[in-house]
J.: 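Mind having a look at this structure? Questions to follow.
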Amino acid sequence: MPRYQPARIEPKWQAWWEAHDTFATPRLPPAGGRKAYVLDMFPYPSGDGLHVGHPEGYTATDIVSRFERMRGTCVMHPMGFDAFGLPAEEYAIRTGTPPAESTARNIATFRRQLKMLGFSYDWGREIATTDPAYVRWTQWIFLVLHDTWFDPDVQRGRPITDLPIPAAVAAAGEAAVAKYRDAHRLAYQSEAPVNWCPALGTVLANEEVIGGVSERGGHPVVRIPLRQWMLRITAYADRLERELDDLAWPESIKKLQRDWIGRSTGAEVDFFVPPAGGDAAAAFEAWKAARATAGFPETPGEDVLRIYTTRADTLYGVTCMVVAPEHPLVDRLTATGQRDEIAAYRDAAARKSDLDRTDLAREKTGVFTGSHVVHPLTGQPVPVWVADYVLASYGTGAIMSVPAHDDRDFEFARTFGLEIVTVIEPEDGPAPGGSLFTGHGRAVNSGPYTGLATQSFIAQVAADLAAAGLGRAAVNYKLRDWLFSRQRFWGEPFPILHELDAEGRPTGVVCGVAEAELPVPLPPLADFKPGDTPDPPLSRAGHDWLFVERDGRRYRRETNTMPQWAGSCWYYLRFLDPHNAERFIDPAVERAWMPVDLYVGGAEHAVLHLLYSRFWHKVLFDRGHVSHREPFGRLVNQGMILGEMEFTGYRAAGGGWVSADRRGEADTPVRLPAEQVEKQGEHFVLRDLPKIRVESRAYKMSKSRGNVVNPDQIVTDFGADSLRLYEMFMGPLEATKPWSTAGVGGVRTFLERAWRLVVDERADELALAPQVCADPPTDAQLRELHRMIDKVTKDIPALSFNTAIARMMEFVNFCTPLERRPRGLLEPFVTVLAPFAPHLAEELWEILGRPAPVSLAPWPAVEPKWLVDDTVEIPVQIQGKLRGRIVVPAGADAAALETAATADPKIAEQLAGRTIAKVVAVPGRMVNFVLANQGSQP
RNA sequence: GCCGGAGUGGCGGAAUGGCAGACGCGGCGGACUCAAAAUCCGUUGCCCGCAAGGGCGUGUGGGUUCAAGUCCCACCUCCGGCACCA
């Protein structure tokens with residue numbers, strides 16, 4: 001009867017914790033006490049429910065939270081739902097239910113599942129990004145962005161009213177000032193080519209387009225011009241990169257962010273565009289003279305083609321210029337005879353999807369414009385080409401092509417038979433002429449710079465160009481401004497009004513909704529499907545929503561919605577003060593709890609979510625709304641959990657087996673049971689046909705492969721504590737690991753053994769095992785206990801849960817055979833077990849007669865005296881090979897070790913008649929005898 | 001192509017430069033049982049050997065060191081990310 005029954009005890013203790021508010025967190029941590037903000041990346045509540053990947057990170061943070069609480073730390077450990085977004089909407093469209101309904105249902109499922117796993121969240125802080133009370137503040141933060149401009153002089157966001165207005169703009173009147181301000185806001189509108197995904201019916205951020213198709217769904221994406229809301233994240237590029245330095249994040253994640261920001265330093269250089277007809281040489285000289293006095297202009301005029309390069313040292317190797325098809329100067333540069341060809345090329349480029357345009361395998365294409373620009377240093381004419389391998393959105397949208405020293409230019413030149421001029425030679429001697437060399441070296445053929453090394457050349461020529469007003473140092477980023485509007489229903493409406501004139505046409509004046517009127521709710525819509533055109537669904541809202549009047553003027557609401565990222569950019573702040581109706585967060589609360597001390601989630605958010613939320617946080621910091629530059633202190637990515645290991649054999653069309661290393665496309669994979677395969681050397685083969693190799697690996701869980709593990713099922717079969725423990729025991733948190741249901745059985749066995757340490761399984765009623773006693777533990781038992789406590793205490797903060805669990809298993813293995821089991825051993829063990837298997841621990845604690853909850857019991861202290869043994873066993877090596885062991889007192893020094901080792905009969909025997917050249921004795925570690933070289937003896 | 005990460009028993013994995021394989025799964029053997037399950041105990045890297053014992057062994061090849069899974073150099077394979085960013 002009293003067997004270990006998780007199905008009975010788990011709901012019991014979940015109800016107990018809930019009834020007693022065991023994990024409710026105070027508004028502020030107690031003064032002078034320690035605080036820990038332990039945060040999970042909140043889930044997107046998909047219709048499929050929880051995946052086994054979710055509990056991995058959640059269990060890790062739960063263990064840390066429970067451990068810290070037991071050590072007296074005030075712990076903030078909240079949970080909520082990132083509930084806006086495409087999948088909810090797609091699902092809603094498919095099933096015909098409004099997104100709000102399906103989202104509420106999905107959240108209920110997730111909440112039930114999360115509670116079923118016994119996580120110690122303060123559920124009183126639960127938020128969903130779709131709650132109107134939450135949307136209100138998301139919209140408010142958008143208004144902060146809208147009200148902020150970035151002052152490059154102080155590298156900081158400031159109120160838009162602080163923006164200095166140039167006299168010329170001020171003179172042009174109020175409308176011009178408003179326009180000037182709008183152009184400098186962090187949230188601004190832009191008519192720009194955007195990624196339009198017809199299948200999803202929305203535009204997407206650059207970050208959401210992977211290889212020319214949508215990240216979600218893999219649908220083709222084309223570029224069309226459209227008026228869109230953008231967030232000026234590029235203004236923060238420098239800080240987003242620099243301020244990564246101090247974060248306790250994995251280096252790999254920091255690097256991903258740095259690469260994504262993609263800072264590059266180089267120079268901008270102007271190439272003179274001579275006027276049509278006339279004396280080009282004379283015009284060039286006049287232009288140069290003018291530049292020498294006027295300097296390098298902020299924006300290039302019509303008379304120059306401005307390029308960006310990181311390799312100004314290759315200026316003498318320029319053999320042509322290449323501009324993007326969308327470059328504004330193309331028309332002016334196109335010679336009459338080339339008009340048709342250029343027009344056709346630009347048209348084709350515009351129609352091409354990003355997928356086609358970024359396909360690296362494809363040959364370079366391009367068209368000669370028929371005109372030339374003038375090289376600023378040599379005065380020579382340089383032909384201008386249009387080619388789509390040059391991106392309009394990076395740098396200046398134009399490059400100088402140096403085929404000898406850039407692989408793309410090299411390929412382009414070879415395709416079109418353009419000249420290749422070598423101007424750099426490797427330090428170790430000249431490469432053959434006309435070949436490609438992209439490394440650093442020494443300049444040749446470069447006028448006055450010949451002989452300079454790459455680095456000094458770049459510095460020298462940049463200075464010279466700047467002095468002559470022909471160029472300047474410049475910094476570029478791969479990072480683009482963040483396209484922030486979506487043509488979908490299920491997102492936050494923008495708190496923005498567009499002024500209308502008497503005819504109902506937009507005047508171009510845009511204003512934010514007054515703070516008091518927030519939130520702007522989503523209008524009820526019968527049909528919330530996206531259309532075939534980029535016209536947002538909200539434009540079909542009723543007129544009472546769509547049109548508003550303020551101070552006698554008519555406005556139309558913005559009908560785009562925000563992307564899913566918006567809500568997740570700041571949820572970690574709202575958790576701290578979720579019910580505040582006055583502010584998005586109380587500043588005192590923010591100061592007390594921030595920053596997040598431990599943030600755990602999947603690596604899929606390494607770039608987007610973490611970059612976006614850092615950006616918002618920095619803006620809020622600049623505007624004085626939060627007190628730290630960075631939101632997340634320590635970040636850890638849990639690894640992916642793959643499906644069970646699979647063996648796959650291949651059958652040919654005829655039915656015979658094909659070895660996996662020589663299979664073809666036509667052969668069909670067959671999943672094989674483990675009994676039919678065996679390992680032979682490096683590979684697995686068929687047991688009956690050892691010539692046939694079999695593939696063995698674990699695959700990502702997916703519905704189509706049918707290897708998805710359902711947490712509900714695991715909880716039913718093994719219990720929540722077993723699932724928690726297993727996921728922590730699988731291996732290092734950050735590693736990718738295959739699932740093994742047999743492994744769940746293994747940890748379940750451990751929990752049963754722990755149960756039997758305390759409970760008499762053969763009794764009819766719940767009763768203590770007869771071995772449990774009040775004896776004082778023996779010294780040996782205390783040593784075992786304290787070593788276990790010590791290991792677990794050190795492993796939890798390091799997130800090394802697998803080794804902590806292994807140590808607890810050893811402890812249970814040690815205790816199981818004991819005829820008498822002192823409480824002084826069992827009770828500390830139960831407290832140490834509590835963060836890992838909280839339900840079982842509570843139950844055992846109760847059976848031991850201790851007052852609930854063990855979840856808040858003090859963590860047992862390690863007594864150092866029990867960590868040292870009286871004697872230690874030391875390995876003895878001869879020539880680095882293990883030859884014996886000696887037992888010595890724990891504190892034995894090197895000399896004592898050597899004496900003891902040489903006294904050992906077995907060692908003495910092997911040393912007899914040989915010359916000891918050296919003895920290495922490391923106290924507490926080992927002894928090694930190094931013998932004199934035998935070969936050198938006569 | 002570039003950038004990360006990882007290669008250790010049949011499997012998941014342990015191992016501050018100091019006894020490779022902790023712990024678990026699986027396997028084998030035993031006790032208990034009429035029997036089975038459950039449980040408990042033992043055993044389990046490979047090779048030679050009846051044994052004592054010996055040899056080999058952390059992807060490959062080299063190096064540093066008294067001592068290398070761990071440090072250095074070169075390479076191979078797998079996984080993940082980025083990808084015409086001038």
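Chain identifiers are assigned alphabetically (A, B, ...) following the order of the sequence lines, protein sequences preceding nucleic acid strands; residue numbering begins at 1 within each chain.
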J.: Could you state the CD1-P distance from I641(A) to rG80(B), rounded to the nearest angstrom?
T.: 16 Å

J.: Check every atom of rU16(B), rC40(B), rC82(B) against the side chain of W260(A) and return the nucleotide holding the closest atom.
T.: rC82(B)

J.: When you check every protein heavy atom under 4.0 Å of nucleotides 4-13 of chain B, what one-letter string (B, S, -) results, 5' to 3'?
T.: S-----SSBS

J.: Determine the interatomic distance between P on rC25(B) and the same-named atom on rC41(B); round to the nearest Å.
T.: 13 Å

J.: Residues in side-chain contact (heavy atoms from CB on, under 4.5 Å) with D760(A), at least two apart?
T.: R762(A), A763(A), P770(A)

J.: With sequence neighbours excluded, tell me which residues meet salt bridge (charged side-chain N to carboxylate O under 4.0 Å, His left out) with E734(A).
T.: none

J.: Regarding R753(A), tell me which of base, sugar-phosphate or nothing describes its non-hydrogen contacts under 4.0 Å with the strands shown.
T.: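 R753(A): backbone/sugar contact only, no base atoms under 4.0 Å.
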
J.: Within the 4.0 Å heavy-atom criterion, would you say R883(A) contacts the bases, only the backbone, or no part of the nucleic acid?
T.: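 Contact class for R883(A): sugar-phosphate only.
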
J.: Have a look at F836(A) and tell me which of V747(A), D721(A), I805(A) forms a side-chain contact (heavy atoms from CB on, under 4.5 Å) with it.
T.: I805(A)

J.: Have a look at D409(A) and say if it touches a base, only the backbone sugar-phosphate, or nothing, with a 4.0 Å heavy-atom cut-off.
T.: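 If one applies the 4.0 Å heavy-atom cut-off, D409(A) turns out to touch nothing in the nucleic acid.
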
J.: In whole angstroms, how far is the C1' atom of rG1(B) from the CG atom of L436(A)?
T.: 13 Å

J.: In plain terms, say whether R807(A) and E784(A) are close enough for a salt bridge, that is, a side-chain N and a carboxylate O under 4.0 Å apart.
T.: yes

J.: Could you tell me how far rG55(B) sits from rU65(B) if I compare only their P atoms? Round to whole Å.
T.: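 Those two atoms are separated by 24 Å.
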
J.: How far, in whole Å, is rG81(B) from rC28(B) if one measures between their C1' atoms?
T.: 45 Å

J.: Contact class for I399(A) (heavy atom, under 4.0 Å): base, sugar-phosphate, or nothing?
T.: base

J.: How far does the C1' atom of rC72(B) sit from the matching atom of rU64(B), given to the nearest Å?
T.: 7 Å

J.: Watson-Crick or G-U wobble partner for rA83(B), using a 3.5 Å limit on both distances?
T.: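 WC or wobble partner does not exist here.
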
J.: With a cut-off of less than 4.0 Å, is there a side-chain N or O of S264(A) near OP1 or OP2 of rA86(B)?
T.: yes

J.: How should the glycosidic conformation of rG9(B) be described, syn or anti, under the criterion that syn lies within 90° of 0?
T.: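 The base of rG9(B) is oriented syn (glycosidic angle within 90° of 0).
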
J.: What is the separation between atom CG on L256(A) and atom P on rC2(B), rounded to the nearest whole Å?
T.: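 For the pair L256(A) CG and rC2(B) P, the rounded distance is 17 Å.
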
J.: The criterion is salt bridge (charged side-chain N to carboxylate O under 4.0 Å, His left out); which residues satisfy it with D407(A), sequence neighbours excluded?
T.: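 None.
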
J.: With respect to the side chain of T309(A), which nucleotide from rU39(B), rC41(B), rA86(B) is positioned closest?
T.: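 Closest nucleotide to the T309(A) side chain: rA86(B).
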
J.: In whole angstrom, what separates I886(A)'s CD1 from rG18(B)'s P?
T.: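 For the pair I886(A) CD1 and rG18(B) P, the rounded distance is 18 Å.
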
J.: Is there a donor on the side chain of R925(A) or the base of rU16(B) sitting less than 3.5 Å from an acceptor on the other?
T.: yes

J.: Is there any salt bridge (charged side-chain N to carboxylate O under 4.0 Å, His left out) pair reaching into residues 792-806 of chain A, and which pairs are they, with sequence neighbours excluded?
T.: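 Of all non-adjacent pairs touching residues 792-806 of chain A, those that pass salt bridge (charged side-chain N to carboxylate O under 4.0 Å, His left out) are D790(A)-K794(A), K791(A)-D795(A).
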
J.: Return no unless some side-chain N or O of R697(A) is found under 4.0 Å from OP1 or OP2 of rC79(B).
T.: yes

J.: Mind calculating the distance between NZ (K881(A)) and C1' (rA68(B)) to the nearest angstrom?
T.: 14 Å

J.: Would you call L240(A) and I233(A) a side-chain contact if the rule is heavy atoms closer than 4.5 Å?
T.: yes

J.: Taking any strand in view, what nucleotide pairs with rC25(B) in a Watson-Crick or G-U wobble way, both distances under 3.5 Å?
T.: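 Partner of rC25(B): rG10(B).
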
J.: With sequence neighbours left out, what residues match T793(A) under side-chain contact (heavy atoms from CB on, under 4.5 Å)?
T.: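 Applying side-chain contact (heavy atoms from CB on, under 4.5 Å) to T793(A) gives F67(A), R71(A), I789(A), W859(A), V862(A).
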
J.: Quantified in whole Å, what is the C1' atom distance between nucleotide rU77(B) and nucleotide rG21(B)?
T.: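 Result for the C1' pair: 23 Å, nearest Å.
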
J.: Who is the Watson-Crick or G-U wobble partner of rG57(B), with both distances under 3.5 Å?
T.: none

J.: rG1(B) P sits how many Å from D406(A) CG, rounded?
T.: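 Nearest whole value for this atom pair: 18 Å.
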
J.: Mind calculating the distance between CZ (F801(A)) and C1' (rA14(B)) to the nearest angstrom?
T.: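 From F801(A) CZ to rA14(B) C1': 17 Å.
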
J.: Using Watson-Crick or G-U wobble geometry with both distances under 3.5 Å, which nucleotide pairs with rC71(B)?
T.: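 The base-pairing partner of rC71(B), which may sit in any strand shown, is rG63(B).
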
J.: Any salt bridge between D869(A) and R787(A), counting N to O under 4.0 Å?
T.: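 So D869(A) pairs with R787(A) through a salt bridge.
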
J.: For rC47(B) and rA83(B), measure between their C1' atoms and round to the nearest Å.
T.: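 My reading of the C1' atoms in rC47(B) and rA83(B) gives 49 Å.
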
J.: Quickly work out the E819(A) CD to rC40(B) C1' distance and round it to whole Å.
T.: 12 Å

J.: Of all the nucleotides listed (rA86(B), rA22(B), rG24(B)), which has the minimum atom distance to the side chain of V390(A)?
T.: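 Nearest to the side chain of V390(A) among the choices is rA86(B).
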
J.: Would you give the length of the straight line joining atom OH of Y4(A) to atom CG of L751(A), rounded to the nearest 0.5 angstrom?
T.: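 If I round to the nearest 0.5 Å, the distance is 4.5 Å.
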
J.: Return the nucleotide paired to rU39(B): Watson-Crick means purine N1 to pyrimidine N3 with N6-O4 or O6-N4, wobble means G-U with N1-O2 and O6-N3, both under 3.5 Å.
T.: rA31(B)

J.: In Watson-Crick or G-U wobble terms, both distances under 3.5 Å, what is the partner of rG17(B)?
T.: none

J.: For E251(A), check salt bridge (charged side-chain N to carboxylate O under 4.0 Å, His left out) against everything at least two apart and list the hits.
T.: K254(A)

J.: Run the side-chain contact (heavy atoms from CB on, under 4.5 Å) test against A895(A) and tell me which residues pass, sequence neighbours left out.
T.: D893(A)

J.: Pick the nucleotide of RNA chain B nearest each of S393(A) and M640(A); which residue has the one closer to the 5' end?
T.: M640(A)

J.: Which sits closer to the 5' end of RNA chain B, Y394(A) or I805(A), going by the nucleotide each is nearest to?
T.: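 The residue mapped nearer the 5' terminus is I805(A).
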
J.: In the strands shown, is rA51(B) matched to any nucleotide by a Watson-Crick or G-U wobble pair with both distances under 3.5 Å, and which?
T.: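 Base partner found: none.
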
J.: Under the salt bridge (charged side-chain N to carboxylate O under 4.0 Å, His left out) test, which residues partner R258(A), sequence neighbours left out?
T.: D245(A)

J.: Polar pairs (N or O, both sides) under 3.5 Å between protein and nucleotides 71-77 of chain B?
T.:
none

J.: Return the nucleotide paired to rC78(B): Watson-Crick means purine N1 to pyrimidine N3 with N6-O4 or O6-N4, wobble means G-U with N1-O2 and O6-N3, both under 3.5 Å.
T.: rG5(B)

J.: Classify the angle between the aromatic ring planes of Y316(A) and H375(A) as parallel (below 30°), tilted (30 to 60°) or perpendicular (above 60°).
T.: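 Tilted, since the angle between the ring planes falls between 30° and 60°.
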
J.: As a test of reading the structure: which of rC23(B), rC3(B), rA86(B) is closest to the side chain of Y308(A), going by heavy atoms?
T.: rA86(B)

J.: Select one nucleotide: of rC40(B), rA86(B), rC84(B), the one nearest the side-chain heavy atoms of K364(A).
T.: rC84(B)

J.: Can you label the angle between the F437(A) ring and the H405(A) ring as parallel, tilted or perpendicular, going by 30° and 60°?
T.: perpendicular

J.: Can you tabulate the close N/O pairs, meaning under 3.5 Å, that link protein atoms to atoms of nucleotides 35-38 of chain B?
T.:
none

J.: Check the interface with nucleotides 63-67 of chain B: list each N/O to N/O pair with the protein under 3.5 Å, or write none.
T.:
| residue | atom | partner | partner atom | Å |
| --- | --- | --- | --- | --- |
| rC66(B) | O2' | N928(A) | ND2 | 3.0 |
| rC66(B) | O2 | N928(A) | ND2 | 2.8 |

